[in-house]
Amino acid sequence: MTVQNVFDLHTWLSQQHHGLRTFKTFQQKLETLSSHDPEQRAVCRLLSGLVGGYIEAFDEEPLPVAVADRAYGRLLDLVGSLDLKANADRRLADINRVAACDLLH
């Protein structure tokens, strides 16, 4: 599936397993989306950093199922709540929410 917008990204994510491979692939899809839709680079970069921190925390480590489920649910809810076609105030609020998010806590 080619991701062309955040709705596609959310749809793809909702059909994936909760493991680290999904998070790594999600980062790749964010990079592609960012290059195809430059107006979304900021939110894509923030989401990628959020996911990257999570990946680094568990890379080469056992990933507890409860932690994976919680992080996946948070990411799915966060991506689903983004409205990249909204007015500037809403988009800024979304960006700030992504920047404040922590998938682990």
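Just so you know, these numbers come straight off a predicted model, no measurement behind them. No hydrogens, no waters, no symmetry mates; every other heavy atom, side chains included, goes into these values.
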Holding to salt bridge (Lys or Arg N to Asp or Glu O under 4.0 Å), I want the full list of residues that pass it with Asp59, two or more places apart in sequence or in another chain. Lys24
Find out whether Leu82 and Val98 are in side-chain contact, i.e. whether some heavy atom of one side chain is under 4.5 Å from a heavy atom of the other. yes
Taking Gln16 for its side chain and Thr22 for its backbone only, find out whether a donor-acceptor pair lies under 3.5 Å. no
Rounded at 0.5 Å granularity, tell me how far CD in Gln28 sits from OG1 in Thr25. 5.0 Å
Has Arg74 got a side-chain atom pairing as donor or acceptor with His105's backbone, closer than 3.5 angstrom? yes
Strictly below 4.0 Å, N to O, side chains only: are Arg91 and Asp94 in salt-bridge contact? no
Identify the heavy atoms of Asp102 and Leu104 that sit nearest to each other, and give their distance. OD1-N, 2.9 Å
When rounded to the nearest 0.5 angstrom, what distance separates SG in Cys44 from CD in Glu39? 11.5 Å
Mind listing the closest non-hydrogen atom pair of Ile95 and Ala42 along with its distance? CD1-CB, 4.3 Å
Quick one: closest heavy-atom pair of Arg97 and Ser81, and the distance? NH1-OG, 2.5 Å
Taking every non-hydrogen atom, the tightest pair across Ala71 and Tyr54: CB-CE1, 3.4 Å
Within a strict 4.5 Å, meaning less than it, do heavy atoms of the Pro64 and Phe58 side chains meet? yes
Spatial distance of atom NE2 (His18) from atom CG (Leu13) [nearest 0.5 Å]: 8.5 Å
Atom CG in Leu9, atom CG in Leu47: separation rounded to 0.5 Å? 7.5 Å
From Leu46 atom CG to Cys101 atom SG, the distance as rounded to the nearest 0.5 Å: 11.0 Å
What verdict does the side chain to side chain contact (heavy atoms under 4.5 Å, CB included) test give for Leu33 and His36, after you've listed the backbone C-alpha separation in whole Å, the side-chain angles of each residue and the deciding distance to 0.1 Å? CA-CA 5 Å; Leu33 177 59; His36 286 102; 5.5 Å; no
For His17, check side-chain hydrogen bond (donor to acceptor under 3.5 Å, both in side chains) against everything at least two apart and list the hits. none
What distance do Ser35 atom OG and Leu30 atom CG have between them, rounded to the nearest 0.5 Å? 11.0 Å
Just by modelled atom types, is the Phe23 backbone N or O under 3.5 Å from a matching donor or acceptor in the Tyr72 side chain? no
